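Worksheet: the structure to be examined is printed underneath.
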Amino acid sequence: MLIPKTHPRAASLHIREKLVKGYRAGLVIEEGLMAHGRGEAFDYLIGEKTSKNALKAIKAAATVLVSARSPVISVNGNLASLCPKEIVQLAKTVNAKIEINLFYDGKKRKKTIAKVLKQNGAKEILGLDSKLSRKIPKLDSARKVVDKRGIFSADVVLVPLEDGDRTIALRKLGKKVITFDLNPLSRTAQTANITIVDNVIRGMKILIEMSKKLKKKKPVTAKFDNKKNLSQALVEMNNNLRRIAYA
Ligand code: PTJ
């Protein structure tokens, strides 16, 4: 679809087109399109721009990532279709591994995602070899199957765009979890160590830049209260809602 530059929601429509392309190319499943719609609704409420509280969370995330021993970026179909280049750039910047981990399992889809990541410069992609898989205890979905060289042995895991119980299971294993989630009320958002309430397509770019800057200095772990930051995100949404409703 040709989206006129002057369209008031051009950016959001471009993001939607990316996801539809990802669906047609076999990276995203039908459920992923619905998940995107859920995200769009929340993006509308934050004014489709990166908020101050998102920036605070991004800074905390960059600090944790650059100081991590063995960080991993967990990739699902939606993330791979929205920002394949940024996944690879972030991995290179913070020396993280890239692991494909899907809720709706599928060998063919994993291969398609891996191909796209490689086309964007990824060298090694984990999560494809079942001989190297381990299971996260107390998790029912396909997400429980992880790579022993990746999520299984990671100290920090970035799990963007998912609403589920994997975050709590990972935290029980002593891992730090960072997420991008436009919905501050999702289970992942509520249970992560750091929740970035922003569209991943905007936030990943900032996270990469912030990590590059922090790498040059010795990063100091600043105090970060995820619950407080999530409450601020909800207050901001509420204020925006009032502004729209009473305009
Ligand atoms: O590829 P698979 O099989 O692993 O499946 C992927 C989905 C996304 C379907 C699955 O992992 C999932 O958990 O979907 P949910 O339950 O709808 O959760 C997705 C969360 O991401 C929701 O809280 C959305 O608000 C949020 N979200 C959607 N799009 C974006 C987003 N957050 C940030 N940026 C987005 N672009």
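Every number for a ligand or one of its atoms is a count from 1 in the order of the listing. Note that the structure is a prediction, hence the values are computed from the model and not measured.
Of all the heavy atoms of Asp198, the ones lying under 4.0 Å from any atom of ligand 1 belong exclusively to the backbone.
Listed by number with element, the atoms of ligand 1 under 4.0 Å from a non-hydrogen atom of Asn183 are 23 (O), 25 (O).
When hydrogens are left out, the protein atom nearest atom 34 (N) of ligand 1 is Val200 N, 3.0 Å; that is the closest non-hydrogen contact. Looking at atom 16 (O) of ligand 1, its nearest protein heavy atom turns out to be Arg38 NH2, 3.0 Å. Nearest protein neighbour of atom 32 (N) of ligand 1, counting heavy atoms only, is Leu182 N, 3.1 Å. Atom 28 (C) of ligand 1 has Ala35 O, 3.2 Å as its closest protein atom, hydrogens excluded (heavy atom only). Nearest to atom 6 (C) of ligand 1 among the protein's heavy atoms is Asn76 ND2, 3.7 Å. Here the protein heavy atom with the shortest distance to atom 36 (N) of ligand 1 is Asn199 OD1, 2.9 Å.
Using a cut-off of 4.0 Å between Lys/Arg side-chain N and Asp/Glu carboxylate O, Asp43 and Arg202 are scored as salt-bridged. Note on Glu86 versus Lys205: salt bridge recorded, some NZ/NE/NH1/NH2 to OD/OE distance being below 4.0 Å.
Between Asp163 and ligand 1, at least one N/O pair is under 3.5 Å apart. Looking at Phe42 next to ligand 1, no N or O pair under 3.5 Å apart turns up. For a threshold of 3.5 Å applied to N or O pairs, the pair formed by Phe103 and ligand 1 contains at least one separation below that value. The distance criterion of under 3.5 Å between nitrogen or oxygen atoms is not met by Leu82 with respect to ligand 1. Residue-to-ligand polar distances place Gly77 within reach of ligand 1: an N/O pair is separated by less than 3.5 Å.
Using a 4.0 angstrom heavy-atom cutoff, Gly32 counts as in contact with ligand 1.
Side-chain contact annotation: Asn240 with Arg243, donor-acceptor N/O pair under 3.5 Å present. Under 3.5 Å, the side chains of Thr195 and Asp181 contain no donor-acceptor pair of N or O atoms.
Remark: side-chain polar atoms of Ser70 are not paired, donor with acceptor, to backbone N or O of Asp155 under 3.5 angstrom. For Arg109 (side chain) and Tyr104 (main-chain N/O), a donor-acceptor pair under 3.5 Å exists by modelled atom type. No donor-acceptor pair closer than 3.5 Å links the side chain of Asp147 to the backbone N or O of Asp129.
Between Leu82 and Leu19, some side-chain heavy-atom pair lies under the 4.5 Å cut-off. Side-chain contact between Pro71 and Leu158 is absent, with no heavy-atom pair separated by less than 4.5 Å.
Nearest to atom 13 (O) of ligand 1 by heavy atom, out of Arg143, Glu31, Arg109, is Arg143. Of the listed residues (Asp181, Leu19, Thr179, Leu33), the one carrying the non-hydrogen atom nearest atom 23 (O) of ligand 1 is Asp181. Nearest-heavy-atom check against atom 31 (C) of ligand 1 across Leu161, Asp43, Asn101 picks out Leu161.
Exactly one of Glu99, Arg166, Glu162 qualifies for a side chain to side chain donor-acceptor pair (under 3.5 Å) with Ser74. That residue is Arg166.
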Q: In sequence, state the C-alpha distance, the side-chain angles, and the governing distance for His36 and Val28, and then conclude on side-chain contact (heavy atoms from CB on, under 4.5 Å).
A: CA-CA 10 Å; His36 185 75; Val28 175; over 6 Å; no
